[in-house]
Amino acid sequence: MPEVKKETGTFAVKKGLAEMLKGGVIMDVVNPEQAKIAEKAGAVAVMALERVPSDIRAQGGVARMSDPEMISEIQQAVSIPVMAKARIGHIVEARVLEALEIDFIDESEVLTPADDMHHILKSEFKVPFVCGARNLGEALRRVGEGAAMIRTKGEAGTGDVVEAVRHIRQVNRDIQRVVSASPAELMAIAKELGAPYELVLQVKELGRLPVVNFAAGGIATPADAALMMVLGCDGVFVGSGIFKSDNPAKRAKAIVEAVAHYKDAALIAEVSKGLGEAMRGQSVALMEDKEKIAGRGW
Amino acid sequence: MKIGILALQGAVREHRDLLHRLGVATVDVQSRQDLYEISGLILPGGESTTVGKLLVRYGLLKPIAEAGRAGLPIFGTCTGLILLSRHISNSSQFRLGLMDTYVERNAFGRQLASFEADMPIPVLGSKPYHTIFIRAPYIKQAEKNVTELLTHEGKIFFAQQGNLLAAAFHPELTSDTRVHEYFLRIVATAQTSQ
């Protein structure tokens, strides 16, 4: 066989991993035991972090990248992909996660931002990134920086799905607008959205985001997870919602099934039975703006 | 002729779009009933532990295995290759176990080792095929009844056993339709011989 030239860390390979996660559930875990429960329940990946968002919210202080030792232990515990969070703009935390051979980095507003103007230039990394967004402009700025996957932000750690719904509705509305606009209008729309023009053209052609989009932030029940799929998300992240509930293993499995069969209401009814109490949560409508974290990201 | 695509989790859309570009009708397979009307089945890439569990939970593992043994052409990519294999290293995960192959999961390591490369696949013609490997498995060994269609450095990346076809890479992530056309020829042959 002639010489074969292998290229690693390309955008196709990064985006490809996100494509393989579609229709799946990614679960926040804080130790190897939880990671194994998540894998056993059918999670497509786990997010390794020291504190789930609801604890970060309750305890306050500066939230940073997790202890590399804890991340390595979780990598050893499961065969599914392992993700971890770096602070917005924290290039070195991201390089550390890359050195740990993490499968995906979440440049996340759930942690305290390290840079209040710039995100990481993700195209310079070999490891893929996922980033949060509340609208099409924000999503395309992140893709422009090299993100291989987007998640709508929601409001993490609340157990209230309203912001997750608001953000995917907004992204869908923005995409509809781009799709129905005439080509002559697209530069003005790109300017208004604050989005790279070339990526707006791609959205126009595809009729959707150029990368996979998961929902996040406030998903607590199988019905919440299925709702996000109905609204057009490719999959869901569940943070505090599983391991802050009465029966994590059963709830995790139920959410996996609800996402795989989101159109089947009878099945969702069946898997939702006897799950015990969901995380108690807090209503986003009663929160002060300064308590919200979705506004982080530029 | 309709081709089923197992639609429990993973890169379903990419296979569907590619087949539609070839003018082939598809069915998303989510339950046993969906198997009745199809002439061939694609098992897309995804997370093999997740897909294996969902196959069992929805009573699809046995019907698909039986259909495969009865001659239904099945094409598995990445996760699909793992599910088709009888032997999986260090794993007791659910599988169809139809091909006499020994598979290594995540065989190249973590995501950083994922790669793309042009590979010669003689059965698809003289032009190399652009392969994309993502946390990919490979076949490390196969029984004599398995035909190796692409082997590189002793690793089998593309193989056929009767009407069963398995690729460690992702033809659905490229715009090159030759691998799918090869599978459609297996389907067409299976239909005329019935």
Side-chain angles (χ1 to χ4, degrees), chain A residues 1-26 38-45 75 78-83 98-105 125-128 148 206 208 212 234-235 253 256-257 259-264 267 271, chain B residues 6-14 17 28 30-31 44-58 77-79 88 90-91 93 105-106 108-122 128 130-136 150-153 157 169-170 172-174:
Chain A
M1 184 182 283
E3 182 89 10
V4 167
K5 194 171 157 280
K6 291 181 185 173
E7 282 188 279
T8 58
T10 60
F11 190 65
V13 156
K14 294 175 179 176
K15 185 170 172 261
L17 178 55
E19 305 284 3
M20 297 310 138
L21 302 175
K22 279 188 303 200
V25 182
I26 300 168
E39 182 176 51
K40 192 153 176 265
V44 290
Q75 286 176 306
V78 294
S79 71
I80 56 179
V82 178
M83 303 184 166
E98 188 176 49
L100 292 171
E101 299 190 2
I102 204 80
D103 294 302
F104 233 108
I105 296 174
F125 287 70
K126 289 214 157 195
V127 67
L206 293 169
R208 56 175 165 80
V212 166
D234 294 314
K253 191 164 164 259
V256 167
E257 297 190 23
V259 166
H261 290 265
Y262 64 93
K263 289 175 190 159
D264 188 343
L267 183 141
V271 301
Chain B
L6 184 69
L8 297 175
Q9 190 272 316
V12 180
R13 179 172 71 205
E14 288 70 18
D17 290 352
D28 283 0
Q30 292 201 313
S31 70
E47 191 48 50
S48 68
T49 53
T50 306
V51 177
K53 285 186 181 91
L54 291 170
L55 275 173
V56 173
R57 257 177 243 168
Y58 298 107
T77 56
C78 192
T79 277
I88 309 172
N90 305 317
S91 173
Q93 70 192 88
R105 284 185 61 203
N106 299 338
F108 298 90
R110 300 186 188 280
Q111 169 63 11
L112 280 175
S114 294
F115 65 93
E116 47 186 314
D118 287 329
M119 300 255 187
I121 304 181
H130 192 68
T131 54
I132 301 179
F133 290 78
I134 295 169
R135 283 173 48 93
L150 169 62
T151 303
H152 179 60
E153 294 172 346
F157 293 151
F169 53 92
H170 292 280
E172 76 280 13
L173 295 184
T174 68

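Here the structure is a predicted model, which is why all the values come from computation and not from measurement. Every chain is numbered from 1, with letters handed out A, B, ... down the list of sequences.
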Does any heavy atom of chain A fall under 4.5 Å from the side chain of [X], the backbone, both, or neither of them?
| X | answer |
| --- | --- |
| N106(B) | side chain |
| I132(B) | side chain |
| L112(B) | both |
| S114(B) | both |
| R135(B) | side chain |

Checklist entry - What residue in H170(B), R110(B), E172(B), Q30(B) has the most heavy-atom pairs under 4.5 Å with chain A? => result R110(B)
Next on the checklist: Less than 4.5 Å apart, side chain to side chain, heavy atoms only: is that true for V4(A) and E153(B)?
Outcome noted: no
Item to check | Heavy-atom check, side chain of C78(B) versus side chain of M20(A), under 4.5 Å | outcome: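 Side chain of C78(B) against side chain of M20(A), heavy atoms only: no contact under 4.5 Å found.
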Contacting moiety of [X], where chain B heavy atoms sit under 4.5 Å:
| X | answer |
| --- | --- |
| A41(A) | backbone |
| K253(A) | both |
| D264(A) | neither |

Next on the checklist: Tell me which of these, P81(A), G24(A), A45(A), A12(A), has more heavy-atom pairs under 4.5 Å with chain B than the rest.
Outcome noted: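 Answer, by heavy-atom pair count under 4.5 Å with chain B: P81(A).
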Checklist entry - When only pairs under 4.5 Å are counted, which of A260(A), S79(A), G23(A) shares the most heavy-atom pairs with chain B? => result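 Among the listed options, the one with the most contacts to chain B is S79(A).
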Look only at the side chain of [X] and the backbone of [Y], and say whether a donor-acceptor pair between them is shorter than 3.5 Å.
| X | Y | answer |
| --- | --- | --- |
| Q9(B) | K22(A) | yes |
| Q111(B) | V13(A) | yes |
| T8(A) | F115(B) | no |

When rounded to the nearest 0.5 angstrom, what distance separates [atom1] in [X] from [atom2] in [Y]?
| X | Y | atom1 | atom2 | value |
| --- | --- | --- | --- | --- |
| K5(A) | M119(B) | NZ | CE | 12.5 Å |
| Q93(B) | E39(A) | CD | CD | 9.0 Å |
| K40(A) | T49(B) | NZ | OG1 | 12.5 Å |
| K6(A) | F133(B) | NZ | CZ | 7.5 Å |

